[in-house]
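See below for the structure under consideration.
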Amino acid sequence: MSMQMLIGGELVESANGGRMEAIDPATEQVIGSVPAGTAQDMEKAVAAAESAQPAWAALSIDARAAYMHKVADGMDARAAEILEIEVKDTGNTIAKMEADVQKAAERIRNYAALGFEVKGITVPSTPGNLHVTVCEPYGVVGRIIPFNHPIAFAGRALAGPLITGNTVVIKPPEQSSLSAGILGEICKECLPAGVVNIVTGEGAAVGDALVRHPRVKRIAFTGSAETGMIIQRAAAEVAVKHVTLELGGKNPMIVFPDADLDKAIPAAVAGMNFAWQGQSCGSTSRLFVHDSLYDRVLEGVAERVRALRIGMPLDYDSQVGPMNNKEQLEKAVKYIALGVEEGARLVVGGKRPEGDMFAKGYWIEPAVFADVTMDMRIAKEEIFGPVMSVIRWSGVDEVIEMANATDYGLTAAIWTRDIDTAITTARRVQSGYVWINGTSRHYRGMPFGGMKNSGTGREESIDELLSYTETKAIHVLTA
Ligand code: NAP
């Protein structure tokens, strides 16, 4: 699989001809390559996006939506191929990844349908005159995405900017860029040249060049808090920019004494997203269980995690695959050792699975730690791996304080049958997305995003679409 970049409607190599290998994380074999883009390539991509933008913005919303539907149809037509490449390139298990591929096309159609909702207001500021606002596109939007759901994020990355009249430059994740190559081929067929540009390469090279580009005012980033802060700094060194950040999490799930454990225990395991080895920003990696239920919940969770089938990502029976890349594996291994060193009790997993199938590749068994306390690093830092910490609590104020005692604030899950407890706790947790008696699922149209170091800005909703526009106030003076 030899992919190319999409710049100005052409599938191209990088300016210096360099390429980056794609590694199958299950076997460590090279399965393809993509161009190692350069700052020069990024310059060309932004120039192409800039020159395509006025004509794109001049189209009616219906016309833009029709183009977007063509892209979504193109993705559906190649869904099986995208799925296979994505599974091989990420290590995420195939049974769950089908939804990712479908979601990428669905998000494009969904946003295409929302074009008429991106609208201004009229304000009765003075009698007799007309005071209105209009939403104007920024021009070129830069989007930088992480490795855990590359095609789902890439589909989303183009949908919002395009329907609002912007053109876009996408920088896919270095570790899993192959599916972006297919998306480039589809966009070449379906869209006017320059409307979508995809530049692969290293974050510090092409990502940084995009962030620092003086004519890209709007940057939407999904990735780690560390890189998010680097991007904010880099952007501010060049110009005043609108930067939104979807970052990491260390998400609490709080189990109250009246919780329905038949549902809460499976939900706690599902919330860890082991199908992609916990490599999800929303994973419920801290399970706070009331003292009265602690042993039962721990046992139930441990039993389910122990029973998870680890196997090849392309096997529909596999429930857990390898980690995405070597660095992620090393990070998980480091934190598991740290947990043991800090005095937490490792009750399940945490080692390399046995057997010939796992001799090569970035494999690790999902790990559950009991007796975790909030002074431990495994309780506070994002591991972005298959490591769950189970923490005991006895007072409501205590558990809310512990839940909020991290720099992150992305998601939270609250399990109780008492409506007062549910609402009060939902209001007190410092998280941007809260489930009461649920985990994991994102709901269409509901704004997703984080508080504290989990980010700024909201996506997956009308808030996201509006964020790709600038408000202009117009006063029609008749009196
Ligand atoms: P990352 O290391 O921050 O990388 C994310 C993207 O930023 C990649 O495309 C990366 O390129 C690029 N990048 C790196 N350095 C850059 C720089 N100096 N300037 C511009 N771009 C740069 O994150 P990751 O390891 O891929 O993903 C895991 C993180 O993403 C976790 O923290 C996770 O929680 C978070 N995440 C958040 C959400 C959300 O919606 N809140 C969703 C998914 C993931 P390279 O790949 O070339 O390094």
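Everything numeric in this text was worked out from a predicted model, so none of it was measured. Just follow the structure's listing: the first ligand is 1, and inside any ligand the first atom is 1.
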Closer than 4.0 angstrom, basic N to acidic O: yes or no for [X] and [Y]?
| X | Y | answer |
| --- | --- | --- |
| R212 | D208 | yes |
| K331 | E327 | no |
| K217 | E470 | yes |
| R143 | E464 | yes |

I want to confirm something. Looking only at heavy atoms, which of [options] is nearest to [atom]?
| atom | options | value |
| --- | --- | --- |
| atom 9 (O) of ligand 1 | T200, I145, N325 | I145 |
| atom 35 (C) of ligand 1 | G223, A36, G142 | G223 |
| atom 2 (O) of ligand 1 | T227, I219, I170 | T227 |
| atom 13 (N) of ligand 1 | G432, G203, A152 | G203 |
| atom 44 (C) of ligand 1 | S177, S224, P146, A225 | P146 |

Problem set entry | P173 near ligand 1 by a heavy-atom separation under 4.0 Å | yes
For ligand 1, is any non-hydrogen atom under 4.0 Å from [X]'s backbone (N, CA, C, O), its side chain (CB onward), both, or neither?
| X | answer |
| --- | --- |
| L210 | neither |
| T222 | both |
| S454 | neither |
| E202 | backbone |

Please examine the side chains of [Y] and [X], heavy atoms only from C-beta on, and report whether any two atoms are closer than 4.5 Å.
| X | Y | result |
| --- | --- | --- |
| V289 | L287 | yes |
| F153 | E246 | no |
| I310 | Q319 | no |
| E81 | I182 | yes |

For this session: Let me see the working for F384 and F147 under ring pair (Phe, Tyr, Trp, His ring centres under 6.0 Å), right down to the final yes or no.
Result: CA-CA 11 Å; F384 209 58; F147 66 76; 5.7 Å; yes
Can you sort out which atoms of ligand 1 are near [X], meaning under 4.0 Å from one of its heavy atoms?
| X | result |
| --- | --- |
| F221 | 3 (O), 5 (C), 6 (C), 7 (O) |
| F448 | 40 (O) |
| G201 | 47 (O) |
| E246 | 37 (C), 38 (C), 39 (C), 40 (O), 41 (N) |
| N148 | 43 (C), 44 (C) |
| F153 | 42 (C), 43 (C) |
| D208 | 19 (N), 20 (C) |

Exercise. What's the verdict on salt bridge (Lys or Arg N to Asp or Glu O under 4.0 Å) for K250 and E382, showing C-alpha distance, side-chain angles and the deciding distance?
Worked result: CA-CA 5 Å; K250 189 72 184 177; E382 186 188 41; over 6 Å; no
Nearest-neighbour protein heavy atom for [atom], which is reported as residue plus atom name and distance:
| atom | result |
| --- | --- |
| atom 20 (C) of ligand 1 | G207 C, 3.3 Å |
| atom 28 (C) of ligand 1 | F384 CE2, 3.4 Å |
| atom 12 (C) of ligand 1 | I144 CG2, 3.6 Å |
| atom 25 (O) of ligand 1 | F147 CE2, 3.2 Å |
| atom 48 (O) of ligand 1 | E174 OE1, 3.5 Å |
| atom 34 (O) of ligand 1 | E382 OE2, 2.6 Å |
| atom 42 (C) of ligand 1 | C281 SG, 3.2 Å |
| atom 18 (N) of ligand 1 | I230 CG2, 3.8 Å |

For this session: Could you please spell out the steps behind the side-chain hydrogen bond (donor to acceptor under 3.5 Å, both in side chains) verdict for T164 and R64?
Result: CA-CA 9 Å; T164 45; R64 290 204 292 269; over 6 Å; no
[X] N/O to ligand 1 N/O under 3.5 Å:
| X | value |
| --- | --- |
| Q328 | no |
| Q175 | no |
| L247 | yes |
| S280 | no |

Exercise. Regarding R107 and the six-membered ring of Y111, is the cationic atom NZ or CZ under 6.0 Å from the ring centre and inside 45° of its axis?
Worked result: yes
Exercise. What distance separates S280 OG from M272 CE, expressed to the nearest 0.5 Å?
Worked result: 9.0 Å
Exercise. More than 12 heavy atoms of other residues, nucleotides or ligands under 6.0 Å from CD of E28: is that the case?
Worked result: yes
Exercise. Under the 3.5 angstrom rule, does the side chain of T27 hit a backbone N or O of Q29 as a donor-acceptor pair?
Worked result: yes
Problem set entry | Aromatic ring proximity, centroids under 6.0 angstrom, Y433 and W435 | yes
For this session: In sequence, state the C-alpha distance, the side-chain angles, and the governing distance for E106 and K103, and then conclude on salt bridge (Lys or Arg N to Asp or Glu O under 4.0 Å).
Result: CA-CA 5 Å; E106 184 201 291; K103 259 191 253 163; over 6 Å; no
